[in-house]
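Heads up, the thing below is written out as structure tokens.
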Amino acid sequence: MGPKRAAERFADRCRDADAYRVTLYGSLAATGKGHLTDVAILSVLQPVAPTEIVWKPETVLPFHPNGMLFEGLKGEQVVDSWKIYSIGGGALANETSRLEVPRSIYPLTTVTEIKEWCYNEGKTYWEYVNDCEGPEIWDYLDRIWTVMCETIQRGLNNDGVLPGGLKVARKASTYWVKSKSYNDSLKSRAKIYAYALATSEENASGGVVVTAPTCGSCGVVPAVLYHLATSRDFLRIRILRALATAGLFGNIAKTNSSISGAEVGCQGEVGVACAMAAAAACQLFGGTPSQIEYAAEMGLEHHLGLTCDPVCGLVQVPCIERNAVAAARALDANIYATLSDGSHLVSYDKVVEVMNETGHNLPSLYRETSEGGLAKRYERK
């Protein structure tokens, strides 16, 4: 998503070029073919002018591992160039501006501050979102929820093998059908898995998904909320409020650390998604601000150190299974937090700090390069 947006912006500013050259650096180059990065860029630029993609996985630019250099050519001369970075969830940034993050919307940048505001005002997290964003946020979240539900329903009804060469079969429909033969807790768990698989498999096949917070972790939040919406009959407005809370906790992680697997590993993707889903679930079950924060803290804490080493650079192995397991873990975190009084020793903000520190200390092999870990243990048959 980020590279495609970048291509659209560069095409707008350099429409009269004879040709384009796009150089991909670091992790973006290492996993670009598996992530269809070149396909996304060419879909925008190739209709305008001939476009060359240059791959430089060995070159990591200092600002972020997902670097791109767009160049517009007249003959052999470069008439325009733009260096930009894909920082996760479709967002773009460079050394001088984070183009997708309007910092003025949220005056408080830590959950500790926001939780204090909640207790002082007698409100909770979704009300803080409403106060900061304005009433128009609800139409936006309503659209987000509609797309999440449509993605799950498509995924549950699609069968076959996912593209990319690993020959991974879709499993969502099978899990959903098998859930019917179980009772109670096993049925609930099977359905959660099925919903998460449905969304992640749609993502892996190039379908429409909601970044929550990223494409690679898009299955967790929808699975949890869809399961609760269909099994507990929560009103739609309550689901939207839970989505607002989930987004707030995701934004805190993005603002103070990262949601990019290339920058901090999968803890920034699936870990943050689990925290978002846990917070949303806890709110739906009537959690206090402290309990909601505790649920989110557990969701992220227990994913600390999670590497990002996708096989063949595809968002399939281990990514799809991780979404399913994290969705179940989010509900476990919610239960644990609601059984407590909300008191805990380590805050969500501290865990975000640790995630940032851990991610930057991880060897680059384990930050979305497909050059280490699980990616090197698979032998293509």
Side-chain angles (χ1 to χ4, degrees), residues 1-7 21-42 53-70 82-95 98-100 164-166 200 203-204 206 211 213-218 253-254 257-273 303 305-320 322-323 355-378:
M1 291 179 62
K4 184 175 183 180
R5 287 182 175 179
R21 181 168 60 221
V22 183
T23 305
L24 304 178
Y25 298 98
S27 293
L28 204 60
T31 62
K33 284 185 166 55
H35 284 65
L36 303 180
T37 302
D38 53 337
V39 174
I41 292 171
L42 291 172
I53 305 291
V54 179
W55 305 86
K56 292 191 175 181
E58 72 285 350
T59 304
V60 179
L61 302 180
F63 181 77
H64 193 281
N66 284 344
M68 298 171 278
L69 175 64
F70 288 84
W82 184 45
K83 190 180 292 182
I84 193 69
Y85 303 83
S86 177
I87 62 170
L92 301 170
N94 59 22
E95 290 84 351
R98 287 186 170 250
L99 303 176
E100 303 284 324
L166 288 181
S200 294
N203 176 63
T211 55
T214 65
C215 287
S217 59
C218 64
K254 181 179 177 181
S257 179
S258 175
I259 57 169
S260 169
E263 191 171 16
V264 294
C266 197
Q267 57 177 352
E269 296 197 42
V270 166
V272 172
H303 284 91
L306 190 60
T307 59
C308 185
D309 43 4
V311 174
C312 297
L314 296 164
V315 194
Q316 295 181 16
V317 179
C319 319
I320 294 174
R322 283 182 179 175
N323 276 258
M355 179 184 74
N356 193 57
E357 178 183 291
T358 304
H360 288 284
N361 285 333
L362 280 176
S364 61
L365 292 176
Y366 301 104
R367 286 187 273 121
E368 205 174 47
T369 60
S370 290
E371 294 177 355
L374 293 172
K376 284 301 178 185
R377 296 302 185 272
Y378 170 79

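We count residues from 1, following the sequence as given. Model, not experiment: these values are computed from the prediction. These values consider heavy atoms only, across backbone and side chains, with no hydrogens, waters or symmetry-generated copies.
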- Task: Kindly write out the residues that satisfy side-chain contact (heavy atoms from CB on, under 4.5 Å) with A6, not counting sequence neighbours, or none if the list is empty.
- Result: M68, F70, W82, I84, L92
- Query: Between the main-chain N or O of V272 and the side-chain N or O of H303, is there a donor-acceptor pair closer than 3.5 Å?
  - Reply: no
- Side chains of N94 and K83 in contact at under 4.5 Å (non-hydrogen atoms): no
- Query: Just by modelled atom types, is the R367 backbone N or O under 3.5 Å from a matching donor or acceptor in the S27 side chain?
  - Reply: yes
- Item | Heavy-atom pair with the smallest gap, counting every atom of C319 and P310 | SG-CB, 4.2 Å
- Task: Not counting sequence neighbours, which residues clear side-chain contact (heavy atoms from CB on, under 4.5 Å) with A29? List them please.
- Result: L24, W55, P57
- Item | Residue pair V264, L362: steps toward the side-chain contact (heavy atoms from CB on, under 4.5 Å) verdict | CA-CA 8 Å; V264 294; L362 280 176; over 6 Å; no
- Item | H64: side-chain hydrogen bond (donor to acceptor under 3.5 Å, both in side chains) partners, not counting sequence neighbours | S260, E263
- Counting only N and O atoms by type, is there a donor-acceptor contact under 3.5 Å from the side chain of D309 to the main-chain atoms of L374? yes
- Indicate yes or no: at least one non-hydrogen side-chain atom of N323 is less than 4.5 angstrom from one of V270. yes
- Hey, does L28 have a side-chain heavy atom less than 4.5 Å from the side chain of P3? yes
- Taking every non-hydrogen atom, the tightest pair across C312 and S370: C-OG, 4.1 Å
- Might you point out which heavy atoms bring N66 and A262 nearest each other, and give the distance in Å? OD1-CB, 3.4 Å
- Would you please name every residue forming a side-chain contact (heavy atoms from CB on, under 4.5 Å) with T59, sequence neighbours left out? Y25, K56, L61
- Message: Between C215 and M1, is there a side-chain heavy-atom distance shorter than 4.5 Å?
- Response: yes
- Here the pair of heavy atoms bringing G261 nearest to C308 is O-CB, 3.9 Å
- Considering residues at least two apart in sequence or located in another chain, which fulfil the ring-ring contact (aromatic ring centres under 6.0 Å, His included) criterion with Y85? F63
- Task: Without swapping roles, check the side chain of T307 against the backbone of Y366 for a donor-acceptor pair under 3.5 Å.
- Result: no
- Message: For a side-chain contact (heavy atoms from CB on, under 4.5 Å) check, start with the C-alpha distance between K376 and L365, then their side-chain angles and the critical distance, and finish with the verdict.
- Response: CA-CA 10 Å; K376 284 301 178 185; L365 292 176; over 6 Å; no
- Non-neighbouring partners of Q267 that pass side-chain hydrogen bond (donor to acceptor under 3.5 Å, both in side chains), sequence neighbours left out: none
- Query: Between atom CG of L42 and atom CG of L36, what is the distance when rounded to the nearest 0.5 Å?
  - Reply: 11.0 Å
- Message: Are R322 and C266 packed together at the side-chain level, in the sense that at least one heavy-atom pair is separated by less than 4.5 angstrom?
- Response: yes
- Task: For T369 and A30, work out which heavy atoms get closest and say how close.
- Result: O-CB, 3.4 Å
